[in-house]
Amino acid sequence: MLPASRQPRGSGPRREATAPLAPPRADRVRPAGPRGGATPTGGSGMAGTVSAGRLAGAAAGGSHPLADGARNRALRDYESRVKEAFDCIVPTLRRISALQHEDDFEGRAQAIARERLGFELPAMILADAWVDQLDMRRLYAWCVFETYRRYTEDFFHTDPLDGRDGAGFQAALQECGFHAMDVTPCADGRLAHVVSYVLRLPFGAVRRKSYAGAMFDIEENVGKWVETELTRFREGRPNTADAPTRYLKVVVYHYSTSDPFHEGCAAHGSDTAAAARAGLERLENFQRAIENGFCCGASVDLLLVGMDTDSDAIRVHLPDASGHISLERPLEGAEIYRATLGLAPEKAREHIFEAVHDHAPGGVDEGMARLVGLLIEHNISQMDYVRQYHGGAYADIGHRERFIGVGIGFEEVQLRNLTYFAYLDTLEEGAPDMDVGVKIFKGLNVAHGLPIPVVVRFDYHGAVPGALRRAKARCARVSAAIRERYPALVDTGLLHLLTMVRDCDGREPPEPQSCTVLGTAPESH
């Protein structure tokens with residue numbers, strides 16, 4: 001897991017970068033659908049624009065006429081393959097634990113790990129088992145970190161979601177009157193798949209940054225808006241500054257229909273109305289900050305989306321023609337799904353288009369209406385996905401994350417309940433988000449004697465002088481702060497850290513820097 005030059009003696013052979021995430025499966029399929037995008041077609045003028053799916057008339061294999069059954073099968077295969085790699089860790093370690101006092105334990109343990117996990121365990125941990133009990137906490141953390149490392153390599157080397165190339169969607173987005181789409185979901189792991197699965201958008205064309213309760217940092221987002229507009233002005237990307245398009249800021253809050261008072265957003269006390277109000281207020285304050293700080297015409301458009309974490313159905317709070325968003329009478333995707341279930345594809349699209357306009361009595365911008373129609377149509381495929389593979393609602397309606405991701409990056413995490421995010425530059429500013437994550441994992445892991453795996457990751461721009469050094473320094477600073485904030489967990493082996501950095505200007509996976517499982521800590525700066 002560590003670079004060869006820093007690999008501790010006895011920690012096992014260096015893994016090949018091209019190793020598969022899990023032992024090869026004969027039924028693995030590549031995600032269907034063309035790279036890039038298709039020419040917009042259909043009633044709303046937007047169907048089929050996303051590289052990840054073929055929504056125009058793609059009913060094959062799906063129970064809804066607008067569902068993309070082939071894409072659903074491919075997404076299901078990917079989700080199953082990744083989560084199975086994480087979920088087989090505990091049963092594998094249980095089997096190994098039962099053998100720790102038998103002859104040739106080390107050899108047998110490594111054979112089991114290679115067969116079931118696809119990699120070897122640190123030899124130094126196995127070698128000490130005869131002296132005392134096998135350190136299962138360290139082994140568990142190692143397995144989570146190594147599985148994550150292999151998962152990231154698979155993601156960046158093979159682009160399994162076909163989401164890197166978002167040119168088709170970017171063109172369609174501009175046709176709707178927007179040059180950028182910036183999405184802030186809640187940091188809850190049940191929303192980590194909101195871009196690639198729930199909304200079926202190419203991750204390469206949509207900015208995503210999660211915050212607890214979707215309470216994004218306004219100043220940081222103003223800075224991202226400035227960067228986007230300056231790039232348009234200086235480089236003409238994604239279009240020139242004089243093009244009549246706007247920056248679209250989206251907040252996604254969440255709720256649970258089956259257990260609304262316990263499985264809603266923890267940051268808002270599982271109060272759905274409070275989560276929606278807070279999201280709208282943050283959006284409006286961001287818009288006001290742009291308008292107050294820059295010249296006339298420097299504005300953004302806003303969109304508020306709710307998501308049912310039980311079924312992945314979305315509800316959209318549409319802005320009227322003046323941009324005002326009301327929390328009353330949102331457009332419910334689940335209702336549209338049921339109303340269009342027996343219709344022909346074109347009739348179903350017409351129904352969506354009419355429903356969008358009906359839910360904006362004060363009128364709605366036509367570009368916004370087309371975009372919302374697209375999102376609803378895409379979400380129909382996801383609702384069909386949950387209906388087909390999860391019986392209409394997930395069994396794990398609560399938290400089931402596998403690790404905490406801390407820092408800046410994690411573009412590759414596009415799966416539900418895989419990671420709890422704590423985006424931050426310093427632990428001081430992100431302490432509330434981190435505390436929520438630790439609380440969640442005390443129930444998931446610590447209560448069962450398992451450690452909390454924390455990946456500290458900072459992406460950097462390789463073209464910027466000194467960026468790599470600063471990213472490593474951030475890893476060291478945040479890791480040290482985490483150890484200081486949760487000393488009892490660290491001292492008892494119930495919290496382990498892996499630090500990584502990645503050049504986000506390239507397409508290579510992140511590089512491991514240090515790992516507490518192996519007794520290494522980031523170099524101090």
Side-chain angles (χ1 to χ4, degrees), residues 32-34 37-76 168-169 172-173 175-176 193-202 250 252 257 303 305-308 310-318 329-361 363-393:
T39 303
T41 60
S44 67
M46 289 292 294
T49 59
V50 178
S51 62
R54 298 188 301 257
L55 295 179
S63 60
H64 192 284
L66 294 180
D68 187 343
R71 181 62 180 166
N72 280 356
R73 289 190 295 273
L75 291 175
R76 171 63 172 177
F169 174 70
L173 190 66
E175 289 179 9
C176 289
H193 64 319
V194 67
V195 172
S196 293
Y197 279 70
V198 176
L199 300 179
R200 300 291 171 97
L201 303 178
V250 184
V252 183
T257 51
L303 189 63
V305 177
M307 175 183 153
D308 179 7
D310 295 356
S311 66
D312 286 346
I314 64 170
R315 62 168 54 139
V316 182
H317 300 267
L318 280 156
R329 197 171 169 260
L331 179 61
E332 297 283 355
E335 293 180 2
I336 291 179
Y337 181 98
R338 290 189 291 268
T340 57
L341 189 57
L343 301 180
E346 289 308 312
K347 289 294 184 182
R349 291 193 182 95
E350 289 176 10
H351 181 94
I352 293 173
F353 190 72
E354 292 172 359
V356 169
H357 283 80
D358 288 346
H359 278 75
V364 61
D365 175 81
E366 283 303 310
M368 179 65 79
R370 293 171 64 201
L371 178 62
V372 170
L374 168 72
L375 299 181
I376 292 292
E377 183 171 341
H378 286 190
N379 186 236
I380 282 174
S381 279
Q382 183 61 16
M383 284 186 277
D384 219 57
Y385 178 94
V386 177
R387 178 175 177 176
Q388 180 177 358
Y389 298 113
H390 298 280

>> As a quick check of understanding, evaluate side-chain contact (heavy atoms from CB on, under 4.5 Å) for Leu374 and Phe169, giving each step before the final call.
In response: CA-CA 11 Å; Leu374 168 72; Phe169 174 70; 3.9 Å; yes

> What's the verdict on side-chain contact (heavy atoms from CB on, under 4.5 Å) for Leu75 and Arg200, showing C-alpha distance, side-chain angles and the deciding distance?
Replying inline: CA-CA 10 Å; Leu75 291 175; Arg200 300 291 171 97; 3.4 Å; yes

>> Is there a side-chain contact (heavy atoms from CB on, under 4.5 Å) between Arg71 and Gln382? Walk through the geometry before answering.
In response: CA-CA 10 Å; Arg71 181 62 180 166; Gln382 183 61 16; over 6 Å; no

>> Using side-chain hydrogen bond (donor to acceptor under 3.5 Å, both in side chains), reason through Ser381 and Asp68 one step at a time and then give a plain yes or no.
In response: CA-CA 6 Å; Ser381 279; Asp68 187 343; 5.8 Å; no

>> Evaluate Leu375 against Leu201 for side-chain contact (heavy atoms from CB on, under 4.5 Å), listing each step before the verdict.
In response: CA-CA 9 Å; Leu375 299 181; Leu201 303 178; 4.2 Å; yes

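Screening His390, His193, Arg387 for a side-chain hydrogen bond (donor to acceptor under 3.5 Å, both in side chains) involving Asp312 leaves a single residue, His193.
Across Val372 and Leu331, no two heavy atoms sit closer than the pair CG1-CD2, 4.1 Å. Annotation for Leu303 and Met368: closest pair CD1-SD, 4.1 Å, computed over non-hydrogen atoms. Nearest heavy atoms, Ala313 versus Met383: CB-SD, 3.5 Å. Minimum interatomic distance between Ser311 and Gly392 (heavy atoms only, all atoms of both residues): CB-O, 3.5 Å. Pairing each heavy atom of His359 with each of Pro330, the nearest pair is CD2-O, 3.4 Å. In terms of heavy atoms, Tyr389 sits closest to Asn72 at CE1-O, 3.9 Å.
Listed by chain and number, the residues in a side-chain contact (heavy atoms from CB on, under 4.5 Å) with Thr340 are His64, Ile336, Leu343, Ala348, His351, Ile380 (sequence neighbours excluded). Residues forming a side-chain hydrogen bond (donor to acceptor under 3.5 Å, both in side chains) with Tyr385 (at least two apart in sequence, or on another chain): Glu79. For Arg315, the salt bridge (charged side-chain N to carboxylate O under 4.0 Å, His left out) criterion is met by Glu332, not counting sequence neighbours. In this structure, Asn379 has no side-chain hydrogen bond (donor to acceptor under 3.5 Å, both in side chains) partners at least two apart in sequence or on a different chain. Asp365 meets the salt bridge (charged side-chain N to carboxylate O under 4.0 Å, His left out) test with Arg246; sequence neighbours excluded. When the side-chain hydrogen bond (donor to acceptor under 3.5 Å, both in side chains) test is applied to Glu335, no partner is found at least two apart in sequence or on another chain.
Annotation: side chain of Val194 is not in contact with side chain of Val305 (no heavy-atom distance under 4.5 Å). With contacts defined as side-chain heavy-atom distances shorter than 4.5 Å, the pair Ile314/Leu199 qualifies. Residues Lys347 and Glu350 have side chains in contact (heavy-atom distance under 4.5 Å, counting atoms from C-beta outward).
Atom CD1 of residue Ile352 and atom NE2 of residue His357 lie 13.0 Å apart, to the nearest 0.5 angstrom.
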